[in-house]
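Written below as structure tokens is the structure these notes are about.
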Amino acid sequence: MTDILQHVIYLYTNIIFGYFIIVNTFYISSIALSWSRLKEFIKIIRADNTLFSGYTKPVSLLVPAYNEVETIVENIQSLLDLDYPQFEVVVVNDGSKDETLQQVIEHFDLRRISFEVNKGVPCAEIRGIYSSFERPEIVVVDKVNGGKADALNAGINVSRYPLFCAVDADSVIEKDALFRLVKPFLKYSNTIAVGGIVRIANGCDIQRGIVKETGIPKKLIEKFQIVEYLRAFLTSRVGWQRINALLIISGAFGLFSKSAVKEVGGYKKTIGEDMELTVRMHEYFRRLKKDYRIDFTSDAVCWTQAPDRLKDLKVQRVRWHRGLADALLKHKKMLFNPRYGAVGMLAMPYFFFIELLGPVIEIIGYLVLAIAFYQGFSSLNMIYIFLMAYSFGIFFSFSGIFLEELAYSRYNSIREVMVLFGVSLIEQFVYRQLTVYWRVIAFFNYKKGSKNWGSIQRKEFKQQNK
Amino acid sequence: MANHLLWISLICIYLLLLINGTIFLTTINMKRKENKWRKNYKKMYDLLEPNLIAYMNRRKPPLKELFYNGNELRTDVITTLIKTNAYSTSMSESQAFEDLGYVTGVVEEAEKKITLKRIKQLGDMGSPDAFKILLKATSKDDFEIVYQSCYALSLLPMKEKEAEKYVEVLLSTNILRDRMIEMLKNLSLSLEVYWNLLKSRDTELGKVILIRAIEDRFHEANLSMMKVVTGFLKDPQSTKEIRIAAVVAMAASKNEKHLQVLINHYPEEKDWEVRAAVAKALNNYTEEISIDTIPILKQMMYDSSWWVRFNASEVLARKGEEGINALVDISLNSDDKDASDLAFSILDANPYVNKNLQNLGERNDD
């Protein structure tokens, strides 16, 4: 029995080593691609005379809201203060149980209006539309609860402009971010969607929807998330964009061509509606051999509140992983399918085998290590592999911080940068294992649970900063 | 096998230790350099600002420190200073850049190697001396270089001959049409020069972008120009894009006669996009169109295209009491549900309806 166990452990060690080589080759290639793209991108934006020129395209900002009474007014106000020549804010109240709708109507002095809804994409019943003569740029849609995807579809149907930007009700968009986000649409006629970067607002000084000063939050759990976000956006999404294989345009901040989204049927009711839509757009445009471009502009910034309690973080991560599983399994036919080019041959396998299955393989690895130690036949090999995994983890986090400093340098002092490096060292213990564990739970339960709204406790931004 | 794994892992660990250490040190060093650069920038800015303002107000000859010396930091500081102070001093930006040797210096650098930064600097300086090098840059294979060079060129003053070359180059690029129009608008040439450029274009794109570039100037156009534009609209050979551009130009003339031509053209037009452009163009110049056009606007409310109906309803909303009466009539008495619903929604939610009704109420009170 012991021999068999020892053999199994030895075999698994070799498997995990092989897996490791593949995973890290992917990661290193992604970092190299991101680095090269980011250097090129920064040169372009630093020398761009057209950035704030008069030529833009009007944008509809869609704000789906469900029980957002705490932050909704502040959020709408900050959107209305954006520097952009022509835009409207379409708030979709998805049957909130709290006072979200009343709060918005009263604060902006809106009244119910008659509105011809063009049902380009399916959505649940719209109960009423509210606006005002004084502020025609605010439109509030009150609809029967149907989930975030359904709320976004209602927003698309009511919006007036050819481009729409999906914005989370708990986020703050930088004043000039729309100018930056819209650029690819003004440069390449085949652009169908553009993602912006999402940064953590915790620890920043935000007043009336404007980020006055960036900073590092006090809680370790929030610091970990800053490093995670830098890693995800700067070492991964930038690289995928380089080969037109970006699979996620974040639901918190992404700009879409309305006609392209309507062409693929709008948002689908799923947990990760943002990723599912992006994957479906790739699938549709590649299948029909239509020329298209899904872009990522890392200089267009949206600040979001990161969960500062383990309970909320767990809800968020489980939800994200379920969304990932749902989106990938819905489009599994794209996996290793050369018809879908870089998306089918690289992005889908990466997300499937590394992002989706990775946590399962990793957690088995931890179990095997524990058993081996317990049984007393842990080998030096295993320890080295785990040390290697740890060093690679640090390398990816360090790369994220390096690319941030190379390109944007948002954190002002050397001390803050040192803190981020320090956090990267300890992130590999407990925090990493915890998030891996949550993702494993989500993986095995991805079909269970609600496909509606996630419930994370939100705070007003001023409260958050305190 | 196990031994191999051991060695590979060990080498990887050492390598990663080295790489991580290098990344850490490089990043910290970058941060230090950046902070130092910021400090130096501020110091130089504060030092040079009074001297530069005095020079630009022609109170003092320029100090040696203000002249170009190839230093990146100084070029950045002086560029910002000149651009910030040009409006409040008696010297133009381009003159200051030329006199202090920045145009010659950056052109020389750009001749050695053209970069996006140099292109931006040359565009910012707005000196005609940069025309040649920027035009040369438009022949590069790199789209970004071409794009930014074309934009920088649009910020330079140009004579007709240069503008002719510029338009030719612009038309040969993949830059999107609306951006080309913006660049041509930036040129700020006289209407006659624009007109000559338009006359010498033989492609649809050339005609469209030039008509659109001067759309704000058509109120200065003479009769012969407007005759040509009317010809574009009426010519059966004209493409949809040219007809739409002609519609915009005719409306922009703000001349009642030409607006009437547009209104008369509406029922004859087969293409819905051109009809929608007619309705939209009328919407932009509601003050200039006569109340006598209300019957044709009502006719537009029954068009097969939603966009035509919508644009027409918006014009009616702005046409005072008569326009509102027309909308009420359609809303209450029309058998066409689409038209009736649209008229109702405009009456219910359009801010111009509200404004007109308020004015009407005030007049009645008086």
Side-chain angles (χ1 to χ4, degrees), chain A residues 10 13-14 17 20-21 24 40 43-44 46-50 53-55 57 111-116 118 129 131-136 185-189 379-381 383-385 387-388 390-392 394-395 398-399 401-402 404-406 409 411-414 416-418 420-421 424-425, chain B residues 1-3 5-6 8-10 12-17 19-20 23-24 26-28 30-32 34-35 115-121 123-124 143-144 147-148 151-152 155 174-179 181-183 185-186 306 310 338 341-342 344-355:
Chain A
Y10 174 76
T13 309
N14 287 335
F17 188 81
F20 231 81
I21 301 288
N24 290 314
E40 177 188 68
K43 270 188 199 159
I44 293 168
R46 283 185 186 157
D48 191 359
N49 258 332
T50 69
S53 76
Y55 166 46
K57 284 189 175 186
R111 67 186 183 88
R112 196 183 169 117
I113 59 162
S114 161
F115 193 96
E116 211 181 331
N118 169 24
I129 295 174
S131 187
S132 76
F133 287 130
E134 288 73 28
R135 309 289 299 261
F185 282 100
L186 309 179
K187 211 180 253 184
Y188 309 103
S189 57
S379 66
L380 210 54
N381 251 353
I383 295 166
Y384 280 175
I385 288 175
L387 269 177
M388 197 168 77
Y390 174 71
S391 311
F392 265 116
I394 292 170
F395 167 62
F398 275 25
S399 300
I401 301 167
F402 168 72
E404 159 67 13
E405 279 308 308
L406 181 81
S409 201
Y411 295 99
N412 297 320
S413 67
I414 291 179
E416 284 176 326
V417 179
M418 300 265 263
L420 293 181
F421 276 117
S424 308
L425 294 177
Chain B
M1 173 74 175
N3 227 10
L5 284 188
L6 202 82
I8 294 172
S9 310
L10 207 59
C12 275
I13 292 165
Y14 280 121
L15 214 58
L16 283 164
L17 263 174
I19 293 171
N20 287 339
I23 293 175
F24 173 75
T26 311
T27 311
I28 297 297
M30 262 167 28
K31 190 84 204 166
R32 283 174 63 179
E34 187 204 308
N35 288 351
T115 61
L116 289 170
K117 188 172 180 184
R118 303 256 176 267
I119 293 168
K120 183 181 186 315
Q121 285 171 335
D124 283 342
F143 176 69
E144 285 301 334
Y147 188 81
Q148 293 299 338
Y151 196 85
L155 304 173
N174 292 329
I175 295 171
L176 295 188
R177 200 188 63 181
D178 286 355
R179 179 68 83 194
I181 295 167
E182 189 208 4
M183 290 179 186
K185 278 184 178 175
N186 284 349
W306 183 87
F310 179 74
D338 288 342
D341 286 351
L342 179 62
F344 179 74
S345 67
I346 290 289
L347 286 168
D348 184 39
N350 190 292
Y352 289 98
V353 172
N354 183 44
K355 207 170 146 192

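Just so we're on the same page: letters track the sequence lines, and every chain starts at 1. Computed from a prediction, not measured in an experiment: that's the story for all the values here.
- B:Y147 touches chain A through its side chain: at least one heavy atom from C-beta onward sits under 4.5 Å away, while N, CA, C and O do not.
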B:I28/A:I414 under side chain to side chain contact (heavy atoms under 4.5 Å, CB included): CA gap, chis, key distance, verdict: CA-CA 7 Å; B:I28 297 297; A:I414 291 179; 4.1 Å; yes
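- Looking only at atom types and distance, the side chain of B:T27 has no donor-acceptor partner in the side chain of A:E405 under 3.5 Å away.
- Heavy atoms of B:F310 lying under 4.5 Å from chain A are absent altogether.
- Residues B:I23 and A:F421 come closest through the heavy atom pair O-CZ, 4.3 Å.
- Interface check for chain A: of the options B:N174, B:I119, B:N350, B:I346, the most heavy-atom pairs under 4.5 Å are formed by B:N350.
- Highest contact tally toward chain B, considering only A:I44, A:I383, A:T13, is held by A:I44 [criterion: heavy-atom pairs under 4.5 Å].
- Side-chain contact check for B:S9 versus A:F17: some heavy-atom pair is nearer than 4.5 Å.
- Ring pair B:F24/A:F398 is tilted by interplanar angle, where 30° to 60° counts as tilted.
- Of the two parts of B:R32, the backbone and the side chain both hold a non-hydrogen atom closer than 4.5 Å to a non-hydrogen atom of chain A.
- Taking the side chain as every heavy atom from C-beta outward, B:R179 and A:S53 approach each other to under 4.5 Å.
- At a threshold of 4.5 Å between non-hydrogen side-chain atoms, the residues B:D348 and A:R111 count as touching.
- Residue contact with chain B, scored on non-hydrogen atoms closer than 4.5 Å, involves the backbone and the side chain of A:F392 alike.
- Among A:S409, A:P136, A:S413, A:S131, the residue with the largest count of heavy-atom pairs under 4.5 Å with chain B is A:S409.
- Taking the side-chain contact (heavy atoms from CB on, under 4.5 Å) definition, one finds that B:L155 meets it with A:N49, B:Y151, B:N186, sequence neighbours left out.
- For A:Y188, the parts sitting under 4.5 Å from any heavy atom of chain B are the backbone and the side chain alike.
- Counting only heavy atoms from C-beta outward, the side chains of B:L17 and A:S391 never approach each other to under 4.5 Å.
- In terms of heavy-atom pairs under 4.5 angstrom with chain A, the leader among B:G123, B:C12, B:A349, B:A152 is B:A349.
- The choice from A:G54, A:S132, A:A47, A:S424 that makes the most heavy-atom pairs within less than 4.5 Å of chain B is A:A47.
- Proximity to chain B involves both the backbone and the side chain of A:Y55, based on heavy atoms less than 4.5 angstrom apart.
- Taking chain A as the reference chain and counting heavy-atom pairs below 4.5 Å, the highest number among B:I175, B:L15, B:N20, B:I13 is found for B:N20.
- At a 4.5 Å heavy-atom cutoff, the contact between B:T26 and chain A is made by side-chain atoms alone.
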Full working for side chain to side chain contact (heavy atoms under 4.5 Å, CB included) between A:D48 and B:K120: CA-CA 7 Å; A:D48 191 359; B:K120 183 181 186 315; over 6 Å; no
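- In this structure, B:L347 CG and A:I113 CD1 are separated by 12.5 Å, a value rounded to the nearest 0.5 Å.
- Contact of A:E404 with chain B is not made at all, since no heavy-atom distance falls under 4.5 Å.
- Checking side-chain atoms of B:K31 against main-chain N and O of A:Y411 turns up a donor-acceptor pair under 3.5 Å.
- Per-residue heavy-atom pair counts under 4.5 Å with chain B were compared for A:I401, A:L186, A:T50, and the maximum is reached by A:T50.
- Heavy-atom pairs under 4.5 Å with chain A were tallied for B:I19, B:L10, B:D341; the largest tally goes to B:L10.
- The number of heavy-atom neighbours closer than 6.0 Å to CZ of B:F143, taken from other residues, nucleotides and ligands shown, is above 12.
- Residues meeting the side-chain hydrogen bond (donor to acceptor under 3.5 Å, both in side chains) test with A:R112, sequence neighbours left out: none.
- Residue B:E144 forms a salt bridge (charged side-chain N to carboxylate O under 4.0 Å, His left out) with just one option from A:R46, A:K187, A:K43, and that option is A:K187.
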